[in-house]
Amino acid sequence: MKQEDRNRADARFNKAARAANEAKTGKTDRDAALKAVTDNMAKLKALRLAREAAAPPPAPTVKKTRTKSKKPDEKSPALGDWLAGQQSGGRRT
């Protein structure tokens, strides 16, 4: 085996070993980042729950009913009249 072939084989081996090491290091970096995010979410959830427990529950909101602007004797236009008005107003049907 020539020296050149040996150097080429060593380079391939080192490249594969370096890639495996970087993959392992990258995984541990991702795991550490994931743990940090999970811990932060748990801390924020605990703070939110404590704040909600300390504050009284909000009063339920009452929905306002809309008053009808139409008078009871006033009727809506017939469908044909309404469609004609829509077409003359520029609406497509």
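Being a predicted model, the structure only gives us computed values, none of them experimental.
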Check your understanding: Are Gln3 and Asn7 side-chain neighbours, meaning at least one heavy-atom pair lies under 4.5 Å?
Key -> yes
Revision key, fill the gap. Sequence neighbours excluded, the answer for side-chain hydrogen bond (donor to acceptor under 3.5 Å, both in side chains) partners of Lys45 is none
Point to revise | Set of side-chain hydrogen bond (donor to acceptor under 3.5 Å, both in side chains) partners for Asn40, sequence neighbours left out | key: none
Check your understanding: Should the pair Asp39-Lys35 be classified as a salt bridge under the 4.0 Å nitrogen-to-oxygen rule?
Key -> yes
Check your understanding: How about Arg48: does its CZ atom have over 12 heavy atoms from other parts shown lying under 6.0 Å from it?
Key -> yes
**Study point:** Heavy atoms of other groups near Glu4 CD, more than 12 under 6.0 Å
**Key:** no
